[in-house]
**Q** 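My questions all concern the structure below.
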Amino acid sequence: MTDKKIYILAIESSCDDTSAAVLCNAKVLSNVVATQEIHKQYGGVVPELASRAHQQNIVPVVHQALAKANIDKKQLSAIAFTRGPGLMGSLLVGTSFAKSLALGLDIPLIEVNHMEAHILAHFIDDENGASPTFPFLGMTISGGHTQIVKVSDHFTMEVLGETLDDAVGEAFDKSAKLMGLPYPGGPLVDKYARLGNPSAFDFPKPKVDGLNFSFSGLKTSILYFLQRETQKNPNFVAENINDICASVQHTILEILMEKLHMTVEQTGIKEVAIGGGVAANSGIRARLKEAEETLGWKTYIPKFEYCTDNAAMIGIVGYLKFEKGQFTDQSVAAKARYAIGS
Ligand code: KG4
Ligand code: ZN
């Protein structure tokens with residue numbers, strides 16, 4: 001890597017967070033995230049409202065990121081932005097903004113795949129410590145994604161398994177909604193689960209071949225289970241919230257860990273790097289720690305602010321691509337579906 005100071009302004013707008021970050025090489029100088037609260041009242045992200053909120057947020061968020069980093073836009077070396085995957089209306093806001101700013105400043109433009117960025121967030125240089133060594137397995141688990149990727153180097157990635165329906169975060173959130181908990185329910189399920197018995201109730205695990213996942217069946221079985229039990233006792237949920245949450249979380253973690261174990265066995269790779277909002281879950285953290293102690297895995301989780309959707313992870317990819325001279329031209333367009341490695 002170079003001794004030169006490369007300043008990257010990064011922009012992320014793929015879903016419901018408008019974010020801008022400034023990096024100096026691999027170090028994050030600022031990482032501003034405007035989370036769109038409007039979706040809470042709908043119990044999930046409303047695409048049309050998300051793109052409107054991005055339009056309102058993008059200019060102030062970029063200003064704030066530059067101010068916090070104490071960097072003038074004339075100092076910037078390049079602009080990196082999320083090209084996809086994500087919601088088209090949301091991606092268009094960040095993409096158009098990044099293209100115009102790069103054109104205005106006459107500096108290079110760098111497109112970033114959001115899923116690759118979740119994985120390369122592990123290479124942000126911070127006090128969190130070591131980055132994984134190649135080859136490693138990257139598992140991204142969030143409200144929008146569930147994916148296991150073999151990472152051979154910064155730019156050679158292969159998807160080994162992914163969800164066929166709901167993402168793992170959705171499984172948490174939809175189960176929580178059935179229990180009457182507010183959106184997003186994942187952190188609450190985690191909180192109540194700590195006080196409950198994970199074997200209190202049994203939910204079936206899906207049978208999915210290979211390394212892929214499925215979570216939609218779980219939601220249905222929880223729905224039927226709760227309907228049955230509340231018919232017998234209208235206070236069933238309130239009286240058993242800890243045990244229900246512990247059992248639901250246990251089932252979700254069993255599904256995740258089973259596939260992760262299979263992947264480690266099949267590839268022989270024991271370096272496991274986790275990212276995405278669900279990486280905050282205390283149960284998954286405990287399982288990974290256990291695998292370190294009993295199976296000799298090495299596991300990595302970035303700082304929480306680099307797990308959830310954020311522009312710093314777009315910025316680190318921007319920096320890595322800048323070093324390789326991987327720029328894009330002004331004809332680039334947002335891509336709602338954008339597979340890793342394509
Ligand atoms: O990465 P993220 O902020 O946004 C997406 O790109 O989706 O992830 C948000 C997801 C939500 O589904 C939320 O419920 C879940 O992460 N989540 C958790 C926990 N903290 C956040 N799920 C389980 N346990 C947690 N502690
Ligand atoms: Zn994401």
Side-chain angles (χ1 to χ4, degrees), residues 10-19 21 31 33-37 39-40 43-45 47 50 54 81-87 90-91 94 112-122 138-147 149 162-163 166-179 181-196 198 215 218-219 245-253 255-257 274-288 301-314 316-317 336-338 340:
I11 291 167
E12 153 66 32
S13 73
S14 65
C15 189
D16 61 337
D17 295 301
T18 319
S19 181
N31 181 36
V33 184
T35 302
Q36 303 176 359
E37 297 296 330
H39 306 287
K40 269 202 174 123
V45 178
H54 283 306
F81 70 98
T82 305
R83 183 181 179 195
L87 301 171
S90 292
L91 291 166
V112 175
N113 178 307
H114 179 92
M115 297 307 296
E116 294 181 10
H118 268 298
I119 289 170
L120 295 175
H122 288 274
M139 183 163 85
T140 305
I141 43 176
S142 75
H145 336 285
T146 306
Q147 204 169 56
V149 178
E162 62 192 333
T163 185
D166 289 351
V168 60
E170 271 180 288
F172 271 105
D173 297 341
K174 288 180 176 174
S175 311
K177 196 173 173 183
L178 294 173
M179 292 179 243
L181 299 173
Y183 173 84
L188 290 169
V189 173
D190 187 4
K191 184 177 137 196
Y192 293 123
R194 281 179 232 190
L195 306 169
F215 290 101
L218 177 64
K219 178 188 61 197
C245 286
S247 303
V248 167
Q249 176 164 309
H250 175 76
T251 311
I252 293 176
L253 295 186
I255 297 170
L256 276 181
M257 291 306 293
I274 310 288
V278 180
N281 184 267
S282 60
I284 189 109
R285 285 173 179 249
R287 298 283 185 110
L288 292 172
I301 303 180
K303 262 203 219 140
F304 188 59
E305 66 171 306
Y306 306 141
C307 277
T308 52
D309 284 351
N310 69 90
M313 71 182 191
I314 306 303
I316 187 68
V317 185
R337 297 173 70 85
Y338 190 5
I340 273 185

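Throughout, numbering of the chain's residues begins at 1 and tracks the sequence. Every number for a ligand or one of its atoms is a count from 1 in the order of the listing. Because the structure is a prediction, the values reported are computed rather than measured. As a basis for the values below, the full set of heavy atoms in this structure was taken, side chains included, without hydrogen atoms, waters or symmetry mates.
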**Q** Any donor and acceptor pair, going by atom type alone, linking the side chain of Asp173 with main-chain N or O of Gly186 inside 3.5 Å?
**A**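 Yes: the side chain of Asp173 pairs with the backbone of Gly186.
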**Q** Would you say Pro184 has any N or O atom under 3.5 Å from an N or O of ligand 1, going by distance alone?
**A**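 There is no such contact.
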**Q** With a 4.0 Å heavy-atom cut-off (strictly under), which part of Asp190 contacts ligand 1: side chain, backbone, both or neither?
**A**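 Contact part for Asp190 vs ligand 1: side chain (C-beta onward).
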**Q** Where the side chain of Thr251 meets the backbone of Ser247, is there a donor-acceptor pair that is under 3.5 Å apart?
**A**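 Judged by distance alone, yes, a pair lies under 3.5 Å.
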**Q** Any nitrogen or oxygen of Gly185, main chain or side chain, under 3.5 Å from a nitrogen or oxygen of ligand 1?
**A**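 Between Gly185 and ligand 1, no N or O pair is found under 3.5 Å apart.
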**Q** Ala167 and Gly144: which non-hydrogen atoms are nearest, and at how many Å?
**A**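 That would be CB-C, 3.6 Å.
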**Q** Would a distance-only check, ignoring hydrogens and angles, find a side-chain to backbone donor-acceptor pair under 3.5 Å from His122 to Ile274?
**A**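 Flag set: sc His122 to bb Ile274 pair under 3.5 Å.
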**Q** Within ligand 1, which atoms have a heavy atom of Gly169 less than 4.0 Å away?
**A**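 Checking each atom against Gly169, I get 12 (O).
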**Q** What protein heavy atom sits nearest atom 22 (N) of ligand 1, and how far away is it?
**A**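 In this structure, atom 22 (N) of ligand 1 has Gly186 CA, 3.5 Å as its nearest protein heavy atom.
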**Q** Is it true that Gly144 lies under 4.0 Å from ligand 1, counting heavy atoms only?
**A**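 So Gly144 counts as touching ligand 1.
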**Q** Just to confirm my output: which protein heavy-atom neighbour is closest to atom 10 (C) of ligand 1, and how far is it?
**A**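 Nearest protein contact, heavy atoms only, for atom 10 (C) of ligand 1 is Gly143 N, 3.5 Å.
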**Q** Using atom types as modelled and distance alone, determine if a side-chain donor or acceptor of Glu12 lies under 3.5 Å from a backbone N or O of Ser14.
**A**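 Present.
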**Q** Please list the nearest protein heavy atom to atom 1 (O) of ligand 1 with its residue and the distance rounded to 0.1 Å.
**A**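 Atom 1 (O) of ligand 1 sits closest to the protein heavy atom Gly277 N, 3.0 Å.
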**Q** Can you give me the NE2-the Zn ion (ligand 2)-OD1 angle for His114 and Asp309, to 10°?
**A**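 Between NE2 of His114 and OD1 of Asp309, at the Zn ion (ligand 2), the angle is about 90°.
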**Q** Is any N or O atom of Asp17, backbone or side chain, closer than 3.5 Å to an N or O atom of ligand 1?
**A**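 Among all N and O atoms of Asp17, none is under 3.5 Å from an N or O of ligand 1.
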**Q** Would you please say whether a donor-acceptor pair under 3.5 Å links the side chains of Gln249 and Asn281?
**A**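 Yes, Asn281 and Gln249 have a side-chain donor paired with an acceptor closer than 3.5 Å.
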**Q** Report the atom name of the nearest N/O/S atom of His145 relative to the Zn ion (ligand 2).
**A**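 Of the nitrogen, oxygen and sulfur atoms in His145, the Zn ion (ligand 2) lies nearest to NE2.
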**Q** Hey, are Arg194 and Asp190 close enough for a salt bridge, meaning a charged N less than 4.0 Å from a carboxylate O?
**A**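 Looking at Asp190 together with Arg194, the answer is yes, because their closest N to O distance falls below 4.0 Å.
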**Q** So which bit of Asp173 gets within less than 4.0 Å of ligand 1, heavy atoms only: side chain, backbone, both or neither?
**A**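 Looking at Asp173 and ligand 1, just side chain atoms fall under 4.0 Å.
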**Q** Establish, from distance only, whether the side-chain atoms of Thr18 and His54 form a donor-acceptor pair under 3.5 Å.
**A**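 His54 and Thr18 do have a side-chain donor-acceptor pair below 3.5 Å.
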**Q** Are Glu170 and Thr146 close enough that some pair of their side-chain heavy atoms sits under 4.5 Å apart?
**A**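 No - every pair of side-chain heavy atoms lies 4.5 Å or more apart.
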**Q** Looking at atom 19 (C) of ligand 1, what's its closest protein heavy atom, distance included?
**A**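 Result for atom 19 (C) of ligand 1: Pro187 N, 3.8 Å.
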**Q** Which ligand 1 atoms, with their elements, are less than 4.0 angstrom from a heavy-atom of Thr308?
**A**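 What qualifies from ligand 1 is 1 (O), 3 (O).
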**Q** Looking only at distances, please establish whether an N/O atom of ligand 1 is found under 3.5 Å from an N/O atom of Phe304.
**A**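 N/O-N/O distance below 3.5 Å does not exist for this pair.
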**Q** Is there a donor-acceptor pair under 3.5 Å between the side chain of Ser142 and the backbone N or O of Gly276?
**A**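 Answer holds: no.
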**Q** If we count only N and O atoms by modelled type, under 3.5 Å, do the side chains of Asn310 and Ser19 hold a donor and an acceptor together?
**A**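 No pair is found: no donor N or O on one side chain lies under 3.5 Å from an acceptor on the other.
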**Q** Is atom NZ of Lys177 surrounded by more than 12 heavy atoms (other residues, nucleotides or ligands) closer than 6.0 Å?
**A**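 12 or below, so no.
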**Q** Test your reading of the structure: does Asp309 have an N or O sitting under 3.5 Å from an N or O of ligand 1?
**A**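 The answer is yes, given that Asp309 and ligand 1 share an N or O pair closer than 3.5 Å.
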**Q** Considering heavy atoms of the protein only, find what lies nearest to atom 15 (C) of ligand 1 and give residue, atom and distance to 0.1 Å.
**A**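 It is Val278 CG2, 3.8 Å.
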**Q** Considering distance alone, does some N or O of Glu170 sit under 3.5 Å from an N or O of ligand 1?
**A**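 Between Glu170 and ligand 1, no N or O pair is found under 3.5 Å apart.
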**Q** For atom 24 (N) of ligand 1, which protein heavy atom lies nearest, and how many Å away is it?
**A**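 It is Asn281 ND2, 3.0 Å.
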